[in-house]
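A short write-up of the structure that comes next.
Just so it is clear, the structure is predicted and the values come from calculations on it, not from any experiment.
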Amino acid sequence: MNHIDYQDRKIETDHQGYLKQVSDWNEEIAEIIAKGEDIELSAAHWEVIRFVRDFYLEFKTSPAIRVLVKAIGQKLGADKGNSKYLYTLFPVGPAKQATKIAGLPKPAKCI
């Protein structure tokens with residue numbers, strides 16, 4: 001069984017490290033997941049992480065990259081709503097890593 005050790009609990013994850021229960025997430029767990037991804041979270045990372053969590057809570061789905069870029073562009077501006085900016089924050093894949101750190105399911109169209 002895959003899990004993250006957090007305080008006295010074992011938080012279940014799938015084989016790729018995505019939380020099985022969205023409700024298990026908190027910002028301390030996000031820091032643990034980010035560390036496993038070799039990402040040191042900055043204010044810019046948190047802005048995207050909070051955005052994808054809000055997106056998930058509103059639409060009940062994790063945003064794929066095209067949707068993420070477009071939605072961030074509409075909400076945070078064109079300077080942040082582009083692939084280049086998002087890949088500087090999440091180099092393996094913005095939708096994949098941001099949703100993982102945000103404690104959300106992997107976007108359906110991510111490989």
Side-chain angles (χ1 to χ4, degrees):
M1 181 171 77
N2 299 304
H3 66 274
I4 294 170
D5 290 317
Y6 174 68
Q7 296 178 344
D8 293 335
R9 297 175 48 208
K10 292 190 183 300
I11 307 294
E12 279 190 78
T13 65
D14 68 12
H15 70 284
Q16 294 180 311
Y18 289 82
L19 297 185
K20 288 205 168 186
Q21 300 295 323
V22 173
S23 59
D24 284 337
W25 186 87
N26 65 41
E27 292 189 359
E28 291 177 37
I29 291 175
E31 294 280 357
I32 294 168
I33 296 169
K35 193 172 187 178
E37 295 287 314
D38 292 325
I39 293 175
E40 187 173 332
L41 296 177
S42 66
H45 290 97
W46 280 112
E47 187 172 51
V48 175
I49 291 165
R50 289 185 180 110
F51 180 87
V52 295
R53 278 198 66 84
D54 289 345
F55 185 96
Y56 181 84
L57 295 174
E58 182 174 351
F59 299 106
K60 308 296 182 217
T61 187
S62 296
I65 185 65
R66 286 186 184 186
V67 173
L68 179 63
V69 169
K70 185 175 180 180
I72 285 182
Q74 290 172 342
K75 182 154 185 177
L76 304 177
D79 57 324
K80 296 179 179 175
N82 63 73
S83 295
K84 184 176 179 184
Y85 173 77
L86 294 172
Y87 270 97
T88 62
L89 297 174
F90 303 99
V92 172
K96 190 183 296 185
Q97 283 186 305
T99 56
K100 186 176 188 178
I101 295 168
L104 304 173
K106 185 177 178 179
K109 294 184 179 179
C110 273
I111 305 172

Taking K80 for its side chain and V48 for its backbone only, find out whether a donor-acceptor pair lies under 3.5 Å. no
Under the 3.5 angstrom rule, does the side chain of H15 hit a backbone N or O of N2 as a donor-acceptor pair?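 Here the side-chain-to-backbone pair does not exist.
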What distance separates [X] [atom1] from [Y] [atom2], expressed to the nearest 0.5 Å?
| X | Y | atom1 | atom2 | value |
| --- | --- | --- | --- | --- |
| K106 | K100 | NZ | NZ | 9.0 Å |
| I101 | I39 | CD1 | CD1 | 4.0 Å |
| R9 | I29 | CZ | CD1 | 6.0 Å |
| D5 | Q7 | CG | CD | 11.5 Å |

Counting C-beta onward and ignoring hydrogens, is there a side-chain heavy-atom pair between [X] and [Y] closer than 4.5 Å?
| X | Y | answer |
| --- | --- | --- |
| V67 | F55 | yes |
| I4 | K10 | no |
| I11 | W25 | no |

Can you tell me which residue among I33, L41, L104 is in a side chain to side chain contact (heavy atoms under 4.5 Å, CB included) with I49? L41
Could you tell me whether R50 atom CZ has more than 12 heavy atoms of other residues or ligands within 6.0 Å of it? yes
Which pair of non-hydrogen atoms, one from [X] and one from [Y], has the smallest distance, and what is that distance?
| X | Y | answer |
| --- | --- | --- |
| A102 | V52 | CB-CG2, 3.6 Å |
| V69 | G81 | CG1-O, 3.3 Å |
| G93 | Y87 | CA-CE2, 3.8 Å |
| A95 | A64 | CB-C, 4.0 Å |
| S62 | Y56 | N-CD1, 3.6 Å |
| V92 | Q97 | N-OE1, 3.0 Å |

What I want to check is whether the side chains of D24 and Y6 have a donor and an acceptor closer together than 3.5 Å. no
Stepwise, does the side chain to side chain contact (heavy atoms under 4.5 Å, CB included) test hold for Y18 with T99? CA-CA 8 Å; Y18 289 82; T99 56; 3.8 Å; yes
Should H3 and K20 be marked as a side chain to side chain contact (heavy atoms under 4.5 Å, CB included) after you check the CA-CA gap, both sets of side-chain angles, and the distance that decides it? CA-CA 9 Å; H3 66 274; K20 288 205 168 186; over 6 Å; no
Any chance you could lay out the side chain to side chain contact (heavy atoms under 4.5 Å, CB included) test for E37 and F90, step after step, and finish with the verdict? CA-CA 9 Å; E37 295 287 314; F90 303 99; over 6 Å; no
